[in-house]
Amino acid sequence: MAEIKTKGKNHGQRVKGGLITMPFIFANEAGEKLAVVGFQTNMISYLTKQFHMPMTKAANTLTNFTGTASLTPLLGAFVADSFAGRFWTITVASIIYQIGLVSLTLTSVLPKQKPSPSNNGCEQANSGQLAILYISLLLLAIGSGGIRPCVVPFGAEQFNKTDEKQKTSTWKFFDWYYFCMGVSKLVAVTVIVYIQDNIGWGWGLGVPSIAMTFSIIGFVIGYPLYRNTDPAGSPFTRLVQVCVAAYKKRKLAMVSDPKLLYENNELDASISISGKLIHTKQMKFLDKAAIVTKEDFSKGGSKSSPNLWRLNTVHRVEELKTIIRMGPIWASGILPTLAYAQQGTFSLQQAKIMNTSLTKSIKIPAASMIVFTLTTMLLTIIFYDRIFVPIMRKITGRERGITFLTRMGIGFSMSALATLVSGFVEIKRKHTAFAHGLTYKPHETMPISVLWLVPQYSLYGMADAFTSIGRLEFLYDQSPESMRSTATALFWLASALANYESTLLVTLVHKWSAGQDGSNWLRNDNLNKGKLEYFYWLITLFQVLNLIYYLFCAKFYTLKPIQVASDDKVDGVELGPNL
């Protein structure tokens with residue numbers, strides 16, 4: 001039977017979990033982000049300059065790595081929720097990640113692990129060198145796939161929701177987590193990238209390797225302090241069992257009273273530690289999986305052990321309903337992520353042909369413009385936690401100030417505003433190019449400051465602080481407790497889908513906007529002659545439609561109804577639609 005491993009106060013021993021565990025957990029996440037973001041930001045440079053890859057091959061390697069690293073969390077979540085548990089999944093995944101990181105570092109240090117710099121840097125990497133590189137990247141992707149989906153639910157479960165002192169800390173954890181992740185990214189795109197470009201890739205990859213080593217040691221040392229939830233078996237099997245049982249009983253008449261549906265507290269004990277899901281009226285066809293018939297129990301068998309491919313408890317049926325209800329809300333987060341991804345593509349191209357000088361002696365690299373997004377995101381989190389929430393708490397009477405659904409809606413609105421502003425900034429940039437006769441000189445630096453791009457980068461940072469943290473809260477809070485790692489993996493899956501959709505959208509726009517005169521919204525040869533602002537506004541239109549869709553879904557969304565279990569009593573709590 002699964003349980004939260006914690007020692008009670010009645011034994012005179014310290015209750016596990018709480019704030020004391022946060023440094024150990026955050027250190028592990030910081031180590032992973034420091035390495036992957038620091039390398040991923042500069043990966044094109046490493047592959048082209050150190051491995052002498054053609055640009056197209058290097059770009060494909062980068063997208064393959066990014067896509068794989070966004071999909072492996074589904075595998076890591078399955079392992080954690082099914083049999084390994086979150087602590088051991090994070091630990092083993094971190095070790096795999098570290099092996100990949102050390103292996104990658106060795107490719108930059110050992111001369112035989114990369115092409116010789118002779119022949120004007122034209123020597124291609126041999127099959128052995130490429131094999132080590134690809135294996136290193138695969139290990140990094142697998143390792144991050146075990147860390148990413150587990151850190152959030154593992155950290156959040158350190159706070160006991162039945163303890164009033166820790167109850168508030170549960171939802172604040174998501175702000176702390178994302179703030180920690182943001183600081184790590186900021187250090188990665190500044191300090192680590194600087195080391196890679198100016199000191200060398202040996203130190204540029206070695207420093208994150210050393211940091212990751214200490215973070216793993218710290219995380220493992222914290223084991224006696226953690227509250228650990230034992231895995232309760234494959235959640236996917238349970239969902240399929242409900243579907244099969246409902247299909248087999250599709251011709252049965254629905255019971256007149258929901259109280260007649262099958263309940264079994266002993267059977268559900270391992271998957272309802274925090275509380276039992278209550279019957280809801282939606283998707284009644286699935287309720288047939290909980291209708292009791294004589295054929296549901298084997299002859300001579302115990303009635304506490306039904307054939308789960310024919311009969312399921314209300315709690316298990318509601319698990320499937322909960323996942324289905326979450327789907328539309330989850331899907332609405334893909335498009336804003338697609339818009340956010342443009343910072344690394346077209347916004348970067350804009351920055352490269354603008355004046356990057358801050359003073360006569362200081363220039364800001366185009367790739368470093370992401371610093372404005374990260375800095376604004378961190379400041380927004382501080383503002384949200386210290387100013388916004390206290391004010392809204394007085395207005396709404398909610399401990400959180402606003403719900404996570406409202407938080408997501410605000411973020412979606414800001415994201416749409418960011419792409420709208422991006423279009424107007426592009427018009428300003430092209431007008432400057434025309435006024436100075438640079439329209440047909442695509443590689444000339446234009447007399448317009450790159451700081452004109454700061455508003456759109458900053459708006460994306462503000463949007464991210466609302467949208468991403470709200471989505472994490474939603475996925476954790478509304479998912480069945482036995483599937484929280486899997487639900488968090490959906491956060492990363494949305495990121496993967498957004499990047500793939502961005503590629504598809506760019507391809508379609510490039511094809512459909514092409515004219516016979518060679519005109520195109522997205523020009524490969526000359527950004528000044530293109531219509532990038534139209535592309536930004538197209539994404540803005542999609543986001544506005546997405547926001548309307550989201551508001552409709554959120555209006556009719558039913559929060560997860562749960563009968564909360566505590567040490568002394570069981571409280572029935574029915575949660576209805578709430579924006």
Side-chain angles (χ1 to χ4, degrees), residues 17-22 25-26 152-153 155-183 274-275 326 329 332-333 336 375-415 417 458-459 461-479 481 484 487-488 491 547 550-551 553-564 566 569 571-579:
L19 289 173
I20 194 173
T21 62
M22 292 300 102
I25 296 173
F26 286 154
V152 170
E157 73 184 16
Q158 300 307 312
F159 302 101
N160 186 357
K161 290 185 178 181
T162 62
D163 186 334
E164 290 299 325
K165 293 182 179 179
Q166 295 189 19
K167 191 173 182 180
T168 302
S169 298
T170 302
W171 61 265
K172 282 191 174 183
F173 164 80
F174 297 96
D175 286 328
W176 301 335
Y177 164 78
Y178 216 75
F179 186 87
C180 171
M181 191 167 67
V183 171
S274 299
M326 290 173 63
I329 299 290
S332 66
T375 303
T376 306
M377 184 264 287
L378 294 175
L379 293 175
T380 302
I381 292 176
I382 295 174
F383 167 80
Y384 182 88
D385 183 65
R386 297 299 177 183
I387 300 176
F388 184 80
V389 170
I391 292 175
M392 294 306 298
R393 186 183 295 134
K394 294 179 180 179
I395 298 174
T396 66
R398 298 178 180 275
E399 182 62 28
R400 297 186 182 190
I402 58 176
T403 68
F404 43 72
L405 292 177
T406 301
R407 185 171 189 171
M408 290 171 63
I410 294 173
F412 289 170
S413 301
M414 289 183 174
S415 180
L417 179 60
S458 297
L459 282 170
M462 295 172 64
D464 194 33
F466 279 86
T467 301
S468 295
I469 299 177
R471 287 166 58 207
L472 282 172
E473 286 185 281
F474 168 75
L475 291 169
Y476 175 83
D477 187 88
Q478 291 300 290
S479 63
E481 65 178 80
R484 280 173 174 160
T488 307
F491 178 88
L547 177 61
Y550 169 77
L551 293 175
C553 294
K555 177 66 177 178
F556 295 99
Y557 180 76
T558 301
L559 296 176
K560 181 178 68 177
I562 185 171
Q563 195 176 51
V564 182
S566 65
K569 59 183 179 179
D571 301 320
V573 181
E574 182 80 30
L575 298 175
N578 194 345
L579 183 61

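None of the values given here were measured: they were computed from a predicted structure.
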For a quick test of reading the model, state the closest non-hydrogen atom pair linking Val183 to Leu378 and the distance between them.
N-CD2, 3.8 Å

OH (Tyr177) and CZ (Phe26) are apart, to the nearest 0.5 Å, by 9.0 Å

Test side chain to side chain contact (heavy atoms under 4.5 Å, CB included) applied to Thr380 - qualifying residues, sequence neighbours left out:
Thr376, Met462, Ala465, Phe466

Is there a side-chain contact between Phe474 and Ile469, using heavy atoms and a 4.5 Å cut-off?
no

Measure the CD1-SG distance between Ile25 and Cys180 for me, rounded to the nearest 0.5 Å.
11.0 Å

Non-hydrogen atoms of Ser413 and Leu547 that approach each other most closely
OG-CD2, 3.5 Å

Student check: side-chain heavy atoms of Thr403 and Thr396 closer than 4.5 Å
no

When rounded to the nearest 0.5 angstrom, what distance separates CZ in Arg471 from CZ in Phe491?
4.5 Å

How long is the gap from CG on Leu559 to CG on Asp477, to the nearest 0.5 Å?
7.5 Å

Salt bridge or not for Glu157 and Arg484, using N-O below 4.0 Å?
no

State which residues pass side-chain hydrogen bond (donor to acceptor under 3.5 Å, both in side chains) with Tyr178; sequence neighbours excluded, sorted by chain then number.
Asp464, Ser468

Compare every heavy atom of Pro390 with every heavy atom of Asp385, then report the nearest pair and how far apart it is.
O-CD, 3.6 Å

Is there a donor-acceptor pair closer than 3.5 Å between any side-chain N or O of Arg393 and the backbone N or O of Glu399?
yes

Which residues satisfy the side chain to side chain contact (heavy atoms under 4.5 Å, CB included) test with Ser415, sequence neighbours excluded?
Pro336, Ala339, Tyr460, Ala463, Gln543

Take Phe159 and Leu19 through the test side-chain contact (heavy atoms from CB on, under 4.5 Å) and record every step on the way to the result.
CA-CA 8 Å; Phe159 302 101; Leu19 289 173; 3.9 Å; yes

Give a yes or no on whether the backbone of Ala487 and the side-chain of Tyr476 come within a donor-acceptor separation of less than 3.5 Å.
no

Within the 4.5 Å heavy-atom criterion, are Leu475 and Thr488 side-chain neighbours or not?
no

On a heavy-atom basis, which atom in Phe173 and which in Val152 lie closest, and how many Å separate them?
CE2-O, 3.3 Å

Establish, for the pair Arg407 and Phe412, whether the NZ or CZ atom is under 6.0 angstrom from the six-membered ring centre and no further than 45 degrees off its axis.
no

Test of understanding: with side chain to side chain contact (heavy atoms under 4.5 Å, CB included), list the residues that count as partners of Ile382, not counting sequence neighbours.
Phe179, Arg386

Report yes if some heavy atom in the side chain of Met392 is under 4.5 Å from a heavy atom in the side chain of Arg400; otherwise report no.
no

Would you check if the side chain of Gln478 reaches a backbone N or O of Lys560 as a donor-acceptor pair within less than 3.5 Å?
yes

Compare all side-chain heavy atoms of Tyr550 with those of Leu405 and state whether any distance is below 4.5 angstrom.
yes

For the CE atom of Met408 and the SG atom of Cys553, what is their distance to the nearest 0.5 Å?
10.0 Å

At what distance, to the nearest 0.5 angstrom, does CZ of Phe404 lie from CD1 of Ile329?
9.5 Å

